[in-house]
Amino acid sequence: MGPRVDFYTSNPGKVRELQAVLAPMGYAVRWRKEELTEPQADTLEKVAAFKLLNVPDSVVPVIVEDSGLFIRSLGGFPGVYSAYVLRTLGLPGVLRLVRGPDRTAEFRAVVGYRAGGVTHLFSGRVRGSIAHRSRGKNGFGYDPIFIPEGHQRTTGEMTPEEKNRLSHRGIAARKLGRWLARHPASPD
Ligand code: ITT
């Protein structure tokens, strides 16, 4: 296995998806199960940068990730509050909020990377729409209600490979992988 990166997150779904992208690119992603403090901030970039600051010092490169679902008819809500909203309202509650003909939404992810003194953010987004009901058992979180643009199925009905090919996280992770290939981490 190639170089290791430690991924600080409480979410095993995020880990599986990053591993699936980065392992074939030669990087071993190790899960550091941790609920990092999140600030009240209005962008994923700010949250990811803050999380990075709160990761323990390490000789191994570290990554964090912040993501969210931005629903157009709700002005981008739940956005940075996606985890809280899912915990409190659940998918049925979110579906009740989306009324009217415009069901468009976007998933966004920002992966933060730190090695030595160097930090970098990598972002990905995927457009789509909110399904009328939950469908599918794959993935996690909002996957059963998100239909990527140009598809009929929710990401909850897709295989992990299909989802990673088009997802916000897959896009951000591939950017990180390509960047790492050009900037091999030097020991501290
Ligand atoms: P961390 O410990 O990494 O913060 P988290 O699950 O709390 O894990 P976030 O704070 O980034 O993650 O919140 C993102 C929310 O959006 C959370 O509820 C996820 O389930 C959801 N989400 C993010 N990416 C998703 C995806 O690919 N599919 C479905 N839901 C997703």
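Start at 1 and go down the list; that is how both ligands and their atoms are numbered.
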Please lay out, stage by stage, how Arg72 and Thr104 fare under the test side chain to side chain donor-acceptor pair (under 3.5 Å). CA-CA 6 Å; Arg72 186 153 74 187; Thr104 49; 3.2 Å; yes
Could you tell me the residue and atom name of the protein heavy atom closest to [atom], and the distance to it rounded to 0.1 Å?
atom: atom 16 (O) of ligand 1; result: Ser82 CB, 3.6 Å
atom: atom 3 (O) of ligand 1; result: Thr9 OG1, 2.6 Å
atom: atom 19 (C) of ligand 1; result: Phe140 CE1, 4.0 Å
atom: atom 6 (O) of ligand 1; result: Asn11 ND2, 3.0 Å
atom: atom 5 (P) of ligand 1; result: Lys14 NZ, 3.9 Å
atom: atom 24 (N) of ligand 1; result: Arg169 NH2, 2.8 Å
atom: atom 10 (O) of ligand 1; result: Glu38 OE2, 2.9 Å

Take the angle between the ring planes of His120 and Phe122 and call it parallel below 30°, perpendicular above 60°, tilted in between. parallel
Over 60° means perpendicular and under 30° means parallel, so classify the ring planes of Tyr142 and Phe107, tilted if in between. perpendicular
Minimum non-hydrogen distance to atom 17 (C) of ligand 1, winning option of Gly139, Ser67, Ala83: Ala83
Is the ring centre of Trp31 less than 6.0 Å from the ring centre of Tyr8? no
Checking contacts here: is it the side chain or the backbone of [X] that comes within 4.0 Å of ligand 1, counting heavy atoms only? Could be both or neither.
X: Glu35; answer: neither
X: Lys163; answer: side chain
X: Asp143; answer: both
X: Phe107; answer: side chain

Could you tell me which atoms of ligand 1, counted from 1 in the order shown, lie closer than 4.0 angstrom to a heavy atom of Ser10? 1 (P), 2 (O), 8 (O)
Enumerated ligand 1 atoms positioned under 4.0 Å from heavy atoms of Asp66: 9 (P), 10 (O), 11 (O)
Does the pair [X]/[Y] count as a salt bridge with the N-to-O cut at 4.0 Å?
X: Glu162; Y: Arg153; value: yes
X: Arg114; Y: Asp6; value: no
X: Glu106; Y: Arg108; value: yes

So is there a nitrogen or oxygen of Tyr142 less than 3.5 Å from a nitrogen or oxygen in ligand 1? yes
Going through the checks in order, is the side-chain contact (heavy atoms from CB on, under 4.5 Å) test met by Val5 and Val62? CA-CA 5 Å; Val5 285; Val62 293; over 6 Å; no
When you measure from the side chain of Ser82 to the backbone of Leu69, do you find a donor-acceptor pair of N or O atoms at a distance under 3.5 Å? yes
Contact between ligand 1 and Leu86 is defined here as a heavy atom of the residue under 4.0 Å from a ligand atom; is it met? yes
Is the NZ or CZ atom of Arg30 positioned over Phe7's six-membered ring, under 6.0 angstrom from the centre and within 45° of the axis? no
